[in-house]
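Notes follow once the structure below has been shown.
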Amino acid sequence: MADVSNGGKPGRRDRAEGIKAFLIAAVALKRQDPVAEACRRFAVTRQAVNRHLRWLVASGAFRATGATRGRRYDLVVEKHSREYALGPDLKEDRAWREFVRPLLGSLCKNVLGICQYGLTAMLNNAIEHSEGTKVVVSVKRSVADLEIEVVDDGIGIFRKIRDSLRLEDQQHAVLELSKGRLTTDPEHHTGEGIYFTSRVFDRFGILAGTLNLATSSDQGWLLETGDSVKGTKVGMRISPSSRMTLKEVFDRHASSDHHYRFSVTHVPVSLASIGDENLVSRSQARRLVTRLDLFDVVVLDFRGVKSIGQAFADEVFRVFAREHPRTELRWSDANEEVEQMISRALAARAEEDTKRVDV
């Protein structure tokens, strides 16, 4: 909260913290002259900015190299890793308590909660589903960024899902994973860990087999293919100053009834396509809507989708909607062309409903 002792203007301490935060972001982005940018942004002298830079160097946040005029600043990044043998004796909370938590120091309570949730959920997946022999937990931390990785040497998560659920291919497994409430062991797991972990971190990624699935709060979902790798690598990144909370994300996906269950899902429609194919067929639409009847509300995210075909839209917004009236379909980030196809399917459904009433 700003210091209002001087008529509501930001106080000196708030200004100093603002300059430091700006310098941290600028150095993290490797801006050419962060000092000059800070001077312009805050209308202060280079001498004033340099005082904050010296403080950041002395505190261990920055590393300075070079002479005065050509001095460069880089973030100090700490890296730590620990390997664990996979087996029934390994408990996910042990890795958090004895290894990761001590490395995070006095981070804000909300960030610590997110890190604990993400690490224990991903490590539990490796312990119970990877079929591997070892897992490596890594922490990479700077004043601007915190990254946690969980890497196992198992069969790969997408292959595991494909084989266990008898899906068409591993890309189909990616789509199902993005919907939430997916598990290969329903008696012991709810299938919520990856869904919520991917949404509380700033950036989240899974690399397994030939597929690299990544999502971020600003760019949405992206699926790429590459050389095959063994096992599964999960990466989770968050800003140490993030204000996100687990409760905020859980509330966004919870039912309004007193059971507080996971009933609202957000599905990236782009993952229903394979490669550069267009979303035009009913079979693609059926892949998209599989298991969506498990939810009360489904938000279809059309970010990155340039167009959809009439048959695809009809299968989702008329056929599925008619067969599952208890599931409310919503959509977001649809361009004009996609909106037109959705409107056409909705009109066909409305006409169909009218005919039923008349009969």
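Side-chain atoms are counted along with the backbone in the values below, which use heavy atoms only and exclude waters and symmetry mates.
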Which residues pass the side chain to side chain donor-acceptor pair (under 3.5 Å) test with [X], not counting sequence neighbours?
X      : value
Arg287 : Glu168
Asp153 : Thr133
His253 : Tyr195
Lys179 : Glu176

Checking [X] now: which residues fulfil salt bridge (Lys or Arg N to Asp or Glu O under 4.0 Å) with it, not counting sequence neighbours?
X      : result
Arg237 : Asp145
Glu315 : Arg282, Arg286
Arg203 : Asp218
Asp293 : none

Can you give the donor-acceptor pairs under 3.5 Å from side chains of residues 40-50 to other protein atoms, not counting sequence neighbours?
unit_1, atom_1, unit_2, atom_2, d
Thr45, OG1, Ala48, N, 3.1
Asn50, ND2, Arg46, O, 3.1

TODO: To the nearest 0.5 angstrom, please state how far the CD atom of Gln171 sits from the CG atom of Leu211.
DONE: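 So the gap between those two atoms works out to 5.5 Å.
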Task: Residue pairs, two or more places apart or on separate chains, that pass salt bridge (Lys or Arg N to Asp or Glu O under 4.0 Å) and touch residues 333-347 - done: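 Checked against salt bridge (Lys or Arg N to Asp or Glu O under 4.0 Å) - neighbours excluded - no pair reaches residues 333-347.
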Open item on the list: Strictly by salt bridge (Lys or Arg N to Asp or Glu O under 4.0 Å), give each pair with a member in residues 78-89 just once, sequence neighbours left out.
Closed with: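 The answer is Arg82-Glu98.
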TODO: Starting from Val264, walk the hydrophobic network (Ile, Leu, Val, Met, Phe, Trp, Tyr; side-chain heavy atoms closer than 4.5 Å) and list everyone else you reach, by chain and number.
DONE: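 When side chains under 4.5 Å apart are linked, the cluster holding Val264 also contains Val297, Val299.
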